[in-house]
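Both ligands and their constituent atoms are indexed starting at 1 by order of listing.
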Amino acid sequence: MSLPGLLDPVALDAEPPEASPIRSVYVHAPFCFRRCGYCDYAVTVAQTGDVAAWLAGLAGEVTALEDEGIFVLDSVLDTLYVGGGTPSLLGPEAMAGLGELLGYDRLEHEDLEWTAEANPESFTPEVAQAWREAGVNRISLGLQTFHEPSLAWMGRLHGPAGGVAAVENVRRAGFENYSVDLIFGLPERLDRPWSDDLDVVLRMEPPHISLYGLSVEANTPLGRSVAEGKETPASETRCAEEYLEAAERLAAAGYEHYEVSNFARPGFQALHNSVYWTGSPYLGLGNGSHSYLHPRRRWNVRDWAEYVRLTGEGQLPMDDEEILEPVSVRLERVWLALRTRRGVRHDSLPDEARDLVRKWVATDLAKCDAGICRLTPLGWLSMDRLTLDLDGIL
Ligand code: SF4
């Protein structure tokens, strides 16, 4: 499967994209059994997901969007992504209900990528089978680690064996396309054996792997513990060592490091996320979700009860929106160009920027090949700084 533009190098002097039909949809499923100590997502704590309320809210939002006439779904979809929260807490019937709500005629694209996120403890064989029959063809599993004390520290509900069993469920249900998430940069006092976790994942041979560094957000229990001096985050050195070890070992095992956090076997790049990285339009449904239709960016209210109230009254659940200024569009184009293997076309850079890129190459932060400049894993560790440096001289 492929999307136009996914592999094309970026020309930094290109015109902004034309507004085009929305062919990608993100749907937020807000329910989690409990909130992990580091999480600041739009999450509602519940023992099971309220499927009826979820579908009713989404139906109200779709109707309100049709009435408004800006973010309209009038095309078959290339990608549909159900994220959370914990979508698997919604149980077996949820994806068929979502398919009916969006309309299966919109999901008839033969190359549609329909991803749903799942956590091991709620991704039962029954859920796996029902989702497969509903049309889901890609699963993203939140495994994070196989180190029991670290799973307990994070507040995850599954143990190491639960992660292994979830991958088995994915395979037995017939999903060939799936991804596993690992988290790095856990506090050093946990003694999390990062190399052992990589060993386990490499033995599983998933087609796609995502790596995320633990981020300390101020408004979370972890953020408060760090502020009070009760917890010490991993050092930058430790985070860099773990990231670079993973980049090296996964590349040696045949995975393409195609985006700062993502690795794939050939043909298994995440198409939905690539929509974000190529500046293509997408619609976000559900509380806390974001939408983009150049030059308009919009985001929904985060609070689930407020989302239910607004959609129940026939109103858009929008929190706010902005029209991107050309300077923001340019900065975003630089950032998007640097974060993926698409890279930047050398001939689209002014002389001063070429000098800067030459310095990056000399210090192993970037490589240039056949007129395309791409960051290395070492460069990706400093991506935000490099983006600002490049934008500053464009
Ligand atoms: S399972 Fe994921 S979304 Fe839910 S609380 Fe934990 S980190 Fe947040």
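- Near Val43, the atoms of ligand 1 lying under 4.0 angstrom from a non-hydrogen atom of the residue are 3 (S).
- The shortest heavy-atom distance from Tyr38 to ligand 1 is under 4.0 Å.
- Remark: the backbone N or O of Leu198 is not paired with any side-chain donor or acceptor of Arg249 at under 3.5 angstrom.
- When non-hydrogen atoms are compared, ligand 1 lies under 4.0 Å from the side chain of Arg156 (C-beta onward) but not from its backbone.
- The protein heavy atom nearest to atom 4 (Fe) of ligand 1 is Cys32 SG, 2.3 Å.
- Using bins of under 30°, 30° to 60° and over 60° for the plane-to-plane angle, the ring pair Tyr276/His272 lands in the perpendicular bin.
- In terms of heavy atoms, Gly142 sits closest to His158 at O-CE1, 3.7 Å.
- Atom 8 (Fe) of ligand 1 has no N, O or S atom of Cys36 inside 2.8 Å of it.
- Geometric assessment of Arg138 against the ring of Tyr178 yields a negative cation-pi assignment under the 6.0 Å and 45° thresholds.
- Using a 4.5 Å cut-off on side-chain heavy atoms (C-beta onward), Leu107 and Leu77 make contact.
- Those atoms of ligand 1 with a heavy atom of Tyr41 less than 4.0 angstrom away are 3 (S).
- Of the protein's non-hydrogen atoms, Gly85 N, 3.3 Å is the one closest to atom 3 (S) of ligand 1.
- Ranking the protein heavy atoms by distance from atom 8 (Fe) of ligand 1 puts Cys39 SG, 2.3 Å first.
- Taken to the nearest 0.5 Å, the CG atom of Leu381 stands 9.5 Å off from the CG atom of Leu365.
- Residues Pro233 and Val226 meet the side-chain proximity criterion, which asks for heavy atoms closer than 4.5 Å.
- For ligand 1, the atoms closer than 4.0 angstrom to any heavy atom of Arg34 are 5 (S).
- Remark: minimum distance from atom 1 (S) of ligand 1 to any protein heavy atom is reached at Asn119 ND2, 3.3 Å.
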